[in-house]
Amino acid sequence: MSGNLPLEIQTEIMRRLPVKSLIRFRSVSKAWKSLIDSPHFIAHYNGQMQHLLVRYNVGSVGFQKHVSIVDDHSFPQQRVSLTLPLLVKMFKFHRIIGSSHGLLCLYGYYRRCCNFSVPGKHMVVLWNISIRKAVAVVEPDVEDGIRKTIIGFGVCRETTDPKIVKIKHVYAWNHMESIPCIPWQVDVFTLSTGAWRSPNNNPPRKSIEFIGSQVVVDGFLYWLATDTVTIDGGFRSYNLIILFDMTSEEFIEINLPDSLAHHSVWNLSISKLRESLVVLKQGVEADNLVFGVWMMEDSVPNSFTMLFNLNVNAPDASVRGFRKTGEPIIELVEDLGIYKLVVYEPHSKHINILGFDGTKISFNVYSYMETLLLVDQPDLTIYNKGKRCILKHTT
């Protein structure tokens, strides 16, 4: 790139380049490294290429594989097996919370880490797949036998600051009346400060129970939930959506249409279709599985529209996500009990097999864009009690 070009033009050109090119350019000159590592450039860089992360288990022992697929016209030809960063490999066990703004969030238990005096810790790891960098955050405390922990993750759309949301609530009705204090406890970790804090907001009502995993859409966290109310001396439950605004850090309840609110919650799930929240309703018609896809209109709460039905000719199947084209990605079972990942075209009902064979209910699919978030973080960074340390790794 010519040194005669004004810095503004160089910046605009760089914003259109893939992450791999920018990482190489950081080694070309100090000026370019300073530009690419600047908070303003990181916040305003939007990768043009979308990927799908596929995680699944193979074999009787459940060996995990992670594959990234470029989600464009070449799909699914451009794929690469991923090498997990050390901070992920250190998990004794973990689960994926979700993805937001190019970062994947994982939550689990470490055998040992850093210079902590305890042998293990519950940890949250944020992983930027595109630049192969991750940071870890120590969970301040864990379950006490009465409270259940919900972990959420998203990137604030106003500040592009990654945030981790921790919600502790009573999960057993017989304990609620025995706890004198408010049963909900909400803490938020922001990467820019490296510390946890308790926001000044009203937590969800204690009768609400979170179900399943989260979905992030445009800086909002969504969870499927149920609420239990007392009617005529008995209990009655209905389904709803809980929203957490990553900017205002407020919770909002979203009502569902009656056909979803009173359906079995275990046959409901939520996902992201392009940049909208969708609710999937599972049913059976003529011995075939049917998934009704409902979309929240224009990101307006309490406004849902039925889009289409997915008719799946398989005894067992589940929708794992959507391509950027809108086509659903489905895990289904074939003969001999082999589970496969396929892309389903709703109109032609054509199925495109992606070439992954795994064990039952082991497939996870997450879409992500390339991002520079975490590029300014030192390798092997761990945050604990407001302090940052660097893991000393010896081979």
* **Non-hydrogen atoms of S130 and M369 that approach each other most closely** => OG-O, 4.5 Å
* Say you draw a straight line from NZ of K33 to CD1 of I23; how long is it, rounded to the nearest 0.5 Å? -> 9.5 Å
* Are there more than 12 heavy atoms of other residues, nucleotides or ligands under 6.0 Å from atom CZ of R132? -> no
* Can you find a pair of side-chain heavy atoms, one from Y368 and one from L53, that are under 4.5 Å apart? -> yes
* May I have the step-by-step check of side-chain hydrogen bond (donor to acceptor under 3.5 Å, both in side chains) for Y238 and T228, ending in yes or no? => CA-CA 7 Å; Y238 66 93; T228 303; over 6 Å; no
* To do: Kindly determine whether D37 and W32 satisfy side-chain contact (heavy atoms from CB on, under 4.5 Å), including the steps that lead there.
  => CA-CA 8 Å; D37 289 359; W32 282 1; over 6 Å; no
* Asked: Going from CG on L106 to CZ on F153, what distance comes out if it is rounded to the nearest 0.5 angstrom?
  -> 10.0 Å
* Structure fact -> Scanning both residues in full, the closest heavy-atom pair of R79 with G355 reads NH1-O, 4.4 Å
* Asked: Would a 4.5 Å heavy-atom cut-off, applied to side chains only, mark V137 and I164 as touching?
  -> yes
* What pairs with D376 under side-chain contact (heavy atoms from CB on, under 4.5 Å), at least two apart in sequence or on another chain? -> I42
* To do: Would you name the heavy atoms of L240 and I254 that are closest together and state the gap between them?
  => CB-O, 3.5 Å
* Would you call the rings of H66 and W127 parallel, tilted or perpendicular, where under 30° means parallel and over 60° means perpendicular? -> perpendicular
* Asked: In terms of hydrophobic clustering (I, L, V, M, F, W, Y; side-chain heavy atoms under 4.5 Å; direct or indirect links), are V54 and I351 co-clustered?
  -> no
* **Sidechain-backbone polar pair: S99 side chain, L104 backbone, donor-acceptor under 3.5 Å** => no
* Pairwise ring pair (Phe, Tyr, Trp, His ring centres under 6.0 Å) hits with a residue in residues 198-217, at least two apart -> W184-F210, F210-W223
* Could you verify whether a donor N or O on one side chain and an acceptor N or O on the other, from H51 and E370, lie under 3.5 Å apart? => yes
* Asked: Taking the side chain from D161 and the backbone from S192, do they hold a donor-acceptor pair closer than 3.5 Å?
  -> yes
* Asked: Got a sec, which hydrophobics cluster with M49, joining ILVMFWY side chains under 4.5 Å apart, including via others?
  -> V70
* **Intermediate values then yes/no, side-chain contact (heavy atoms from CB on, under 4.5 Å), L354 and F75** => CA-CA 9 Å; L354 298 183; F75 184 88; 3.7 Å; yes
* So, E345 and S348: side-chain donor and acceptor under 3.5 Å apart, yes or no? -> yes
* Could you check if a side-chain atom of F356 sits within less than 4.5 angstrom of a side-chain atom of K340, using non-hydrogen atoms only? => no
* Output yes when K324 and D71 qualify as a salt bridge under the 4.0 Å nitrogen-oxygen rule, no when they do not. => no
* In the single-linkage hydrophobic clustering (I, L, V, M, F, W, Y; side-chain heavy atoms under 4.5 Å), do L307 and L260 co-cluster? -> no
* Asked: Would you call the rings of H122 and Y109 parallel, tilted or perpendicular if under 30° counts as parallel and over 60° as perpendicular?
  -> perpendicular
* Heavy-atom side-chain contact between N128 and Q377 under 4.5 Å -> no
* Going through the distances and angles, do I329 and V342 end up as a side-chain contact (heavy atoms from CB on, under 4.5 Å)? -> CA-CA 6 Å; I329 302 171; V342 305; over 6 Å; no
* Side-chain heavy atoms under 4.5 angstrom apart, residues restricted to Ile, Leu, Val, Met, Phe, Trp, Tyr: same cluster for F308 and M296? -> no
* Asked: Going only through I, L, V, M, F, W and Y residues with side-chain contacts under 4.5 Å, is there a path from V155 to F41?
  -> yes
* Any sub-3.5 Å donor-acceptor pair from K163's side-chain atoms to G154's backbone N or O? -> no
* Please confirm whether the backbone N or O of H40 pairs with a side-chain atom of H44, one donor and one acceptor, at under 3.5 Å? => yes
* Between F304 and W294, does the ring centre distance come in under 6.0 Å? -> no
* Rounded to the nearest 0.5 Å, how far does CG of L224 lie from CG of L280? -> 10.5 Å
* Just by distance, do the side chain of Y107 and the backbone of G152 share a donor-acceptor pair under 3.5 Å? -> no
* **Residues K360 and E331 bridged, charged N to O under 4.0 Å** => no
* Less than 4.0 Å between a side-chain N and a carboxylate O, is that true for D245 and R157? -> yes
* Asked: Just how far is it from atom CZ of F291 to atom OG of S318, taken to the nearest 0.5 Å?
  -> 6.5 Å
* State the OH-CZ distance between Y56 and R320, to the nearest 0.5 angstrom. => 14.5 Å
* To do: Please check if atom CG in N352 has more than 12 non-hydrogen atoms from other residues, nucleotides or ligands closer than 6.0 Å.
  => yes
* Quick one: pull up CD1 in I353 and CG in L332 and give me the separation to the nearest 0.5 Å. => 8.0 Å
* Shortest non-hydrogen separation from Q282 to H263 and the atoms involved -> O-NE2, 3.1 Å
* May I ask you to say whether E139 pairs ionically with K166, meaning some side-chain N is under 4.0 Å from a carboxylate O? => yes
* Asked: Do the ring planes of F220 and Y222 sit parallel (below 30°), tilted (30 to 60°) or perpendicular (above 60°)?
  -> tilted
* **Member of D357, D316, T359 meeting the side chain to side chain donor-acceptor pair (under 3.5 Å) criterion with Y339** => D316
* To do: Report yes or no: do S237 and T226 form a side-chain donor-acceptor pair below 3.5 Å?
  => no
* Will you find, in the side chains of Q185 and D187, an N or O donor that is under 3.5 Å from an N or O acceptor? -> yes
* **I242, I167, V186 screened by side-chain contact (heavy atoms from CB on, under 4.5 Å) with I150, the one that passes** => I167
* When hydrophobic residues are tied together by side-chain contacts of less than 4.5 Å, even through go-betweens, does L82 share a cluster with I96? -> yes
* Is there a donor-acceptor pair under 3.5 Å between the side chain of W196 and the backbone N or O of V138? -> yes
* Pairwise side-chain contact, F244 with E249, heavy-atom cut-off 4.5 Å (strictly under) -> yes
* Close side-chain approach of H101 and L373, heavy atoms under 4.5 Å -> yes
* To do: Report yes if the side chains of L374 and L191 come closer than 4.5 Å at any heavy-atom pair, otherwise no.
  => yes
* Structure fact -> In terms of heavy-atom contacts, L273 and M295 come closest through CD2-CE, 3.6 Å
* Asked: Checking side-chain contact (heavy atoms from CB on, under 4.5 Å) for the pair L87/Y110: CA distance, chi angles, key distance, verdict?
  -> CA-CA 9 Å; L87 291 176; Y110 269 21; 3.5 Å; yes
* Structure fact -> Minimal heavy-atom distance between R197 and T190, with the atoms involved, is NH2-CG2, 3.7 Å
* Asked: Within the distance-only criterion (no hydrogens, no angle test), does the side chain of S271 pair as donor or acceptor with the backbone N or O of G321 below 3.5 angstrom?
  -> no
* To do: Check whether any side-chain heavy atom of L221 sits under 4.5 Å from a side-chain heavy atom of L243, and report yes or no.
  => no
